[in-house]
Amino acid sequence: MASMKITDQSFEQDVLKASQPVVLDFWAEWCGPCRMLSPVLDELATELQGVTIAKMNVDENPNTPAKFGVRGIPTLMVFKDGELKQTRVGGLPKADLKKWIEETVAA
């Protein structure tokens, strides 16, 4: 399953009210590191059970990134039970990213 697309309008329902943890990737078309991270997140979306991997284009959805102080992209945020649990700016190797997500979700 590919990453779910989130908008400013769907953020509350799809992320804050989600029944399972959500890893939200703030990205943009013009961002090279974002494009490199995208296939890794798509792979993790199929490998990780009980976690939703989602993406938000910061150019099309300026409100949510501003609300959470996103200054650089890619920025990954893990939300669980309606709360922001962890933030990471920049990419990581797949194994490290998977470990970070699993540890954050388990905490």
Nearest-0.5 Å distance, [atom1] of residue [X] to [atom2] of residue [Y]:
{"X": "R88", "Y": "D96", "atom1": "CZ", "atom2": "CG", "value": "8.0 Å"}
{"X": "T7", "Y": "E60", "atom1": "OG1", "atom2": "CD", "value": "9.5 Å"}
{"X": "K5", "Y": "N57", "atom1": "NZ", "atom2": "CG", "value": "9.0 Å"}

Quick one: closest heavy-atom pair of [X] and [Y], and the distance?
{"X": "V23", "Y": "V51", "value": "CG2-CG1, 3.8 Å"}
{"X": "K85", "Y": "T104", "value": "CB-CG2, 4.0 Å"}
{"X": "L84", "Y": "F68", "value": "CD2-CD2, 4.0 Å"}
{"X": "M56", "Y": "P65", "value": "SD-CD, 3.8 Å"}
{"X": "A54", "Y": "I6", "value": "CB-CG1, 3.5 Å"}
{"X": "A107", "Y": "K80", "value": "O-NZ, 3.1 Å"}

Could you give the side-chain donor-acceptor pairs of residues 30-38 under 3.5 Å, partners two or more places apart or in another chain?
{"residue": "W30", "atom": "NE1", "partner": "D59", "partner atom": "OD2", "Å": "2.7"}
{"residue": "R35", "atom": "NH1", "partner": "E29", "partner atom": "O", "Å": "2.6"}
{"residue": "S38", "atom": "OG", "partner": "K55", "partner atom": "NZ", "Å": "3.1"}

Going by heavy atoms in the side chains, are V58 and I73 under 4.5 Å from each other?
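Side-chain contact under 4.5 Å: yes.
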Are V105 and L97 grouped together when hydrophobic residues (ILVMFWY) are joined by side-chain heavy atoms under 4.5 angstrom apart?
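Yes: a chain of side-chain contacts under 4.5 Å links V105 to L97.
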Assigning hydrophobic clusters by single linkage (Ile, Leu, Val, Met, Phe, Trp, Tyr; side-chain heavy-atom cutoff under 4.5 Å), is L92 placed with V78?
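Yes, it is one cluster - the side chains of L92 and V78 are joined through contacts under 4.5 Å.
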Could you note down all residue pairs passing salt bridge (charged side-chain N to carboxylate O under 4.0 Å, His left out) where residues 97-107 supplies at least one of them, sequence neighbours left out?
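Residue pairs passing salt bridge (charged side-chain N to carboxylate O under 4.0 Å, His left out), neighbours aside: E47-K98, K99-E103.
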Could you walk me through whether M77 and V70 satisfy the side chain to side chain contact (heavy atoms under 4.5 Å, CB included) test, starting with their C-alpha distance in whole Å, then the side-chain angles of each, then the deciding distance to 0.1 Å, before giving a yes or no?
CA-CA 10 Å; M77 293 186 179; V70 174; 3.7 Å; yes
Test applied, side chain to side chain contact (heavy atoms under 4.5 Å, CB included); reference residue, I53; option that passes from D25, T46, L41:
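Only one of D25, T46, L41 forms a side chain to side chain contact (heavy atoms under 4.5 Å, CB included) with I53, namely L41.
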Would you say the side-chain atoms of D8 and T64 include a donor-acceptor pair closer than 3.5 Å?
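Looking only at side-chain atoms, T64 and D8 do form a donor-acceptor pair, the distance falling under 3.5 Å.
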Kindly determine whether L48 and I101 satisfy side chain to side chain contact (heavy atoms under 4.5 Å, CB included), including the steps that lead there.
CA-CA 9 Å; L48 293 169; I101 292 170; 3.8 Å; yes
